[in-house]
There are 2 protein chains.
Amino acid sequence: MKNAEQIFQAIANEVGVSPRTVKRTLAQPRKDTRPTYVERAKRIRSLAEAHGYRPNAAARAVRMGRFGQVAMLTRHDVSFQQFNLNKGVCTELAAHDLHMILAEIRPGDLAKPETSPRLLRELCVDGLIVHFAQKISPATLEAVSYSGVPLVWTNLDQATDSVCTDDAQGVRLATETLLEIGHRRIGLLAGPHAKEEFAHYSVRDRREGYLQAMQQAGLSPNIKEFKDDSGYAEGLSRAIDLLDSEPHITAWICDSDVGGGAILMAALAKGLKVPRDLSVIMFHNLSPNGSMGLPISAMALPMQKVGAEAARMLLRKIANPQEPQPCCKVPFSAPPVIRTIGPPRQNK
Amino acid sequence: MKNAEQIFQAIANEVGVSPRTVKRTLAQPRKDTRPTYVERAKRIRSLAEAHGYRPNAAARAVRMGRFGQVAMLTRHDVSFQQFNLNKGVCTELAAHDLHMILAEIRPGDLAKPETSPRLLRELCVDGLIVHFAQKISPATLEAVSYSGVPLVWTNLDQATDSVCTDDAQGVRLATETLLEIGHRRIGLLAGPHAKEEFAHYSVRDRREGYLQAMQQAGLSPNIKEFKDDSGYAEGLSRAIDLLDSEPHITAWICDSDVGGGAILMAALAKGLKVPRDLSVIMFHNLSPNGSMGLPISAMALPMQKVGAEAARMLLRKIANPQEPQPCCKVPFSAPPVIRTIGPPRQNK
DNA sequence: TTGTAGGCGTTATCAC
DNA sequence: GTGATAACGCCTACAA
């Protein structure tokens, strides 16, 4: 492998200019439009390619103090919703010619310098997007801030420097969609109401948004809790009990795909046709198309949009590190009618 | 922000040594164990931290000719299976203190330098993992090789420098699992048999592995094709027809989750209990637990292992760029019995 | 053990 | 527009 100086020298000899001119020609976008200059630039470029010259991004980073890359830090056990988040961040950064480093870590590893990721200990990124999908512990906060670069949180309901989904709007939209097609008795299958301090904001926001929407429509709310960690068989039997105990409900809004799946299977087991006899809509991490080819009407978490917004916010913070950015809440899109939601039965 | 030299000078003044000694102390892991040295090193380290000193990875990259990072290049429309691939690559690289850049691109964008990712045009990574999950066109090959760094392919059945799943082994394992619990009439719901040149190796390998396993057991094979792109309703009705036309089959091995889902729902619609009346096992991109809380017996694609193996292979190639690495085929694990597979009905 | 000098590939700056 | 030079932070080699 020839080094850069040798390559420049060789090209300079062939073209008949100094090595510095060769370098400058390669670095600068063509401004001069005179034919002789353009012709020479073309020749230099093709020669450089022939010699296998590639600009060294690290050298530029040293000189400029900018690395041209950003890291996204996530928990190792984070769910598939991150897939679309990655996509959003990656695409938005690529539009600005920035690279995305993806780092998955165990939160406990942040404490010790030996196990914390190198990108927190060394200067190598221009900014950081942190996706922990949980309340942040003080130790985590300190470890992550240690890097000293601009930082944006995702999936966290903070006043500043964070991007998250607008779950209150999402559940209002779901409720309104059901109201519009004629439902009046709409139930919410809520996520577990954990202790306030540990609960994820989305569980709380979805409850509140539902209550608001129902109150605004002058209807009485009906909230049932569903724990989604007790296995299929138990979940299914509890869902069947639920449908039995609340026969007047014509539509269920489900906080998770697990609860939604249980309701769907329970309906199937009870001989109810979906959506003819019962409408079901669920907040879902994956795609609006569900999985295994099953059709579902889902409030798809707009994670790709969250990622794109986080990247944009980070770019603003890099340009202006001191200024706090107001929290960005990304709205949900309306769910597809037809699949598992439809008008209520008239005779109910 | 103070620059590095100023920080070293400041620390040197406080401790009473030269700036170079400060730098060396920070760079070298402690070898000297004499109390005075250890004490001083400690002091220097804490002072460095107080001054906000961070090693600059780019400067080291320039000096050493190594960037300490590797890129993973994927199609923008690649499926969720990539999620676990990322995890494998990321974790394995982190064990060697390397970072992973994730880049999603449209294959068409590779042709033009304006739209091709910067990491192919500039020197900024030590190696490349390319996950296209398709036959590679010559243009793509050329664009990707342009970067000139060591390269490993994933999900591609090449003789060298690639890591993929061992689908023949996977389908043999699935078949043997079913044979062991008593099945004799085992069907394969195969992926569409596209033209040889465009077919993904996995479709072909799964057919062949199934044929081998059945032949070895002295049983006659039964292969049906299933197109998974025609929507739920049509897929379901075709699956019902299939079950009607092949009532003697006690277990279906499905090439995809879509076909598997259709069979499961068809069984439900026909009043068959799974796995009591019919066993169903599917090759699945996601997790072995399926989604929406539904229990399925899946041949889970070992993508995390593929990622880890690809990272390891790339490390070998970086250490030894010229030497071709033999293709690594990652085996599948045995599927969970109970969920949607079990012994056949005795009276069948 | 400690200090000095030089070079890596960039880009910015200044003289011409 | 062209050419030389300095500086970025790091590491290695060598001298003291």
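Note on naming: letters A, B, ... go to the chains in the order of the sequence lines (proteins, then strands), and numbering restarts at 1 for each one.
Between A:Asp157 and A:Lys329 there is a salt bridge, since a side-chain N of the basic residue sits under 4.0 Å from a carboxylate O of the acidic one. A salt bridge links A:Arg60 with B:Glu122: at least one charged nitrogen is closer than 4.0 Å to a carboxylate oxygen. For the pair B:Glu104 and A:Lys87, the salt-bridge criterion is met [side-chain N within less than 4.0 Å of a carboxylate O].
Partners of A:Tyr201 according to the side-chain hydrogen bond (donor to acceptor under 3.5 Å, both in side chains) rule, which considers only residues two or more places apart in sequence or in another chain, are A:Asn155, A:Thr165.
Taking atom OH on B:Tyr53 and atom C1' on D:dC8, their separation rounds to 13 Å, with Å as the unit. As a whole-Å value, the separation of A:Arg54 CZ from C:dT10 P is 12 Å. In this structure, B:Arg60 places its CZ atom 18 Å from P of C:dG9, rounding to the nearest Å. Rounded to whole Å, atom P of C:dT10 lies 9 Å from atom CD of B:Glu122. In this structure, A:Met64 places its CE atom 18 Å from P of C:dG9, rounding to the nearest Å. For B:Phe67 and C:dC8, the CZ to P distance is 15 Å, given to the nearest whole Å.
At a threshold of 4.0 angstrom between heavy atoms, the contacts of B:Arg66 with the nucleic acid are absent.
Looking at B:Leu98 and B:Phe67, their side chains never come closer than 4.5 Å, going by heavy atoms from C-beta outward. Put simply, the side chain of A:Leu141 reaches to within 4.5 Å of the side chain of A:Ser145, judged on heavy atoms. Residues B:His99 and B:Val70 fail the side-chain proximity criterion, which asks for heavy atoms closer than 4.5 Å.
For B:Gln158, the CD atom counts as densely surrounded, since its 6.0 Å shell holds more than 12 non-hydrogen atoms of other residues, nucleotides or ligands.
Bending across the helix from C:dT1-D:dA16 to C:dC16-D:dG1, expressed as the angle between its end axes from five pairs apiece, amounts to 40° (10° rounding).
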Please enumerate all protein N or O atoms sitting under 3.5 Å from an N or O of nucleotides 3-7 of chain C, with distances to 0.1 Å.
unit_1 : atom_1 : unit_2  : atom_2 : d
C:dG3  : OP1    : B:Ser18 : N      : 3.3
C:dG3  : OP2    : B:Ser18 : N      : 3.2
C:dG3  : OP2    : B:Ser18 : OG     : 2.2
C:dG3  : OP2    : B:Thr21 : OG1    : 2.1
C:dG3  : O5'    : B:Ser18 : OG     : 3.2
C:dG3  : N7     : B:Arg24 : NH2    : 3.2
C:dG7  : N2     : B:Arg63 : NE     : 2.9

